[in-house]
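So you know, we letter chains A, B, ... as the sequences are listed, proteins then strands, and number each from 1.
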2 protein chains.
Amino acid sequence: MAEPDSRRVTLEDVARVAGVSSQTVSRVVNDHPYVSDDTRRRVQDAIRKLGYRPNRAARSLATQRSCMLGIVTYGIDHYGPAQMVTNVEQTAKARGYGVTLSTIQTLTPAEVCAAIDALGGSVVDGLVLITPVVGLRTADVMALCGDIPFVQIDTNLGAKLPSVVIDQHYGSRLATQHLLDLGHRRLCEISGPLYWHGALARHRSWIETLDAAGLEPGPHVEGDWTAASGYHAARQLLAQRASFTALVVGNDQMALGAIRALREHGLRVPQDVSVVGFDDIPEAAYFEPPLTTVRQNFAALGEQSVEYLVALIDNRNTPIHQRVLYPQLIVRQSTCPPCE
Amino acid sequence: MAEPDSRRVTLEDVARVAGVSSQTVSRVVNDHPYVSDDTRRRVQDAIRKLGYRPNRAARSLATQRSCMLGIVTYGIDHYGPAQMVTNVEQTAKARGYGVTLSTIQTLTPAEVCAAIDALGGSVVDGLVLITPVVGLRTADVMALCGDIPFVQIDTNLGAKLPSVVIDQHYGSRLATQHLLDLGHRRLCEISGPLYWHGALARHRSWIETLDAAGLEPGPHVEGDWTAASGYHAARQLLAQRASFTALVVGNDQMALGAIRALREHGLRVPQDVSVVGFDDIPEAAYFEPPLTTVRQNFAALGEQSVEYLVALIDNRNTPIHQRVLYPQLIVRQSTCPPCE
DNA sequence: TGCTATGATGTTAGCGCTAGCAATTGACGA
DNA sequence: TCGTCAATTGCTAGCGCTAACATCATAGCA
């Protein structure tokens, strides 16, 4: 068993026990060549015996790198961010990086800046920014990150910073076009908060797609991603006597709330109103009715952003670009042709 | 603007610009007394001008503390853990601690140990272990954590380690008793994986409560927390021609899947079968029908564990105990008296 | 035999920061 | 006048580790 000393075990302690210099121990720990098998074994024995664990702070200080990535994200109690964080962490671990978290509650540029700052002060080799808020200035982000490499996830399409995004324009067109193809002509929308890139892009694309089809967009209400807000948004639409046969909803949770409101109002889904969601959360297939939705590959988002970030860390000259992923329409029973 | 030097800005640089010693700058940065207002202002100006940010690694090395907590948790794509991680992070931030994450995929004791080890090697002042798996030996945990203070969340009730738990026994009794009070006599259960403390506790309490009422428990199927598994579990119960009027389900997502299976089988909820879930996820109130469920206060769990952990860090002699939280039954439309 | 190449180790000098003490100044009471 | 004290600042020595160089065998070759 490890000696339960009050002081932590250091390289020096191991060196003394193994009868070598601390430098040699360091070489063994870091898998350097030029250590004889015999010495290596003696050192490893000593390490095990003493329960030695390298001190990361000291190593960071000496090497100028920490093997830590920082993640700045809005509350991970949402499905999307939780997925991304999980995948970022997993991918990072596979590449030898740990992960430090800094979450933000209200998605204002100021709070985002504070969160980045909190991590920037710490030792991280790179930053993953899951900050889907509109109004975050490119210059601000660059200034805050300083010379720390970073990758943005879920920012606006076309941003001139290292980023990985899902084409929400495309996704929203998929959803709206699907409804148009079914024959719907009167559509309403419940969007996410429009200060989110994704929500805004989906909203705009909804209008554009209708426009291209020569249709007038019906009323639009803004929710906050929760089922509760979807419920209230739908009630609001119904209260203002909007007449529609199809509803595009900004995410699956809000769609759930909307469906409940519709049903309480005596409307059947999909016979009276077709509903499309976004994300394809694992529960969507078990909604009543199972939800047609636009699937986002959050896993790929997390993985690719880490890959890109690690490339940036290893080689500062990695070209800056934006990688774009495309969502996929999953058709289930919540959509059908309008019955009139 | 900050001088975009290749080297990072150090205390020394600030000291030079401000015309003081590096020690004085350190005092300003750390809010020590005995710095004149004039000097303080000059130093702060220099800090701003140079864009100085203290190097955490160096500070950790010098002070022997990192102001970092480690979180070991199973995949945060589940609702409960995501909630806990969020709240741990928030509370930690409020107390001046950052948070480092280490997630585990398969909840085996071996993987848990690996995750703890990964963090233990890093510099953290304390560990939050969200490791609800049965079979994790107390001795192993203590050995791995070494002299790093830790708090376990969601471990077994009665564990002799610092921990904060929700009394799942109590919660399960609430759910089952609610159904008994409504007049149900034939109950089935879909539980979570029984190698999870919570799932096991709920399962046992389900049996005990029925026992106390002189009733034989109906069939029980184990799911994996997902809606899909709930769906398949319910189909399995129906396939074996189990006759029941009420169903206790290990979490809300599985309840959603189960309800869908029941409906597909021509059974109405709650008229034919009452269903109770666990957790009270934000969507539960919008299920069809709105779900009766046992609410877990994950936020409190996260907060209290950090408070406890910080107390342990500040004072190693803080008494070891287990704090117990109690869940709450939320009655909605998915339960009603059996109609026969 | 000398002379280089190379493997295997030790020595030294920091990385950026802070604790602890020393030094300096001015104010105040004895 | 001197000693004492508090306020303010600087100096020095590490924290535990690694990069870079220095050292010293030993082997291989002319």
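Each of B:Pro33 and B:Leu61 has a nearest nucleotide on DNA chain D; the 5'-most of these lies closest to B:Pro33.
Regarding contacts with the backbone of D:dC17, a side-chain N or O of A:Tyr52 is found under 4.0 angstrom from either OP1 or OP2. Between A:Asn55 and D:dC15 there is no side-chain polar atom (N or O) within less than 4.0 angstrom of OP1 or OP2. Phosphate contact (OP1/OP2 of C:dT18, side-chain N/O of B:Gln64, threshold under 4.0 Å): absent. Taking 4.0 angstrom as the limit, B:Ser26 places none of its side-chain polar atoms (N or O) nearer than this to OP1 or OP2 of C:dC17. Taking side-chain N and O atoms only, A:Tyr34 has no distance below 4.0 Å to OP1 or OP2 of C:dA8.
Per the geometry, CD1 belonging to B:Ile47 stands 10 Å off P belonging to C:dC17, to the nearest Å.
The aromatic rings of B:Tyr308 and B:His321 lie parallel to each other, their planes meeting at an angle below 30°, with 60° marking the opposite boundary.
Within 6.0 Å of CZ on B:Arg316 lie more than 12 heavy atoms contributed by other residues, nucleotides or ligands.
Using a 4.0 Å heavy-atom criterion, one finds that A:Thr39 contacts the sugar-phosphate atoms exclusively. Using a 4.0 Å heavy-atom cutoff across all strands shown, B:Val35 reaches sugar-phosphate atoms only and no base atom.
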Please tabulate, one pair per line, each protein N/O and nucleotide N/O from nucleotides 10-12 of chain C that are separated by under 3.5 Å, including the distance.
| from | atom 1 | to | atom 2 | distance (Å) |
| --- | --- | --- | --- | --- |
| C:dG10 | OP1 | A:Ser21 | N | 3.3 |
| C:dG10 | OP2 | A:Ser21 | N | 2.7 |
| C:dG10 | OP2 | A:Ser21 | OG | 2.8 |
| C:dG10 | OP2 | A:Thr24 | OG1 | 2.7 |
| C:dG10 | O6 | A:Arg27 | NH2 | 2.6 |

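Picking from C:dT18, C:dG16, C:dA19 the nucleotide with the shortest atom distance to the side chain of B:Ala58 gives C:dG16.
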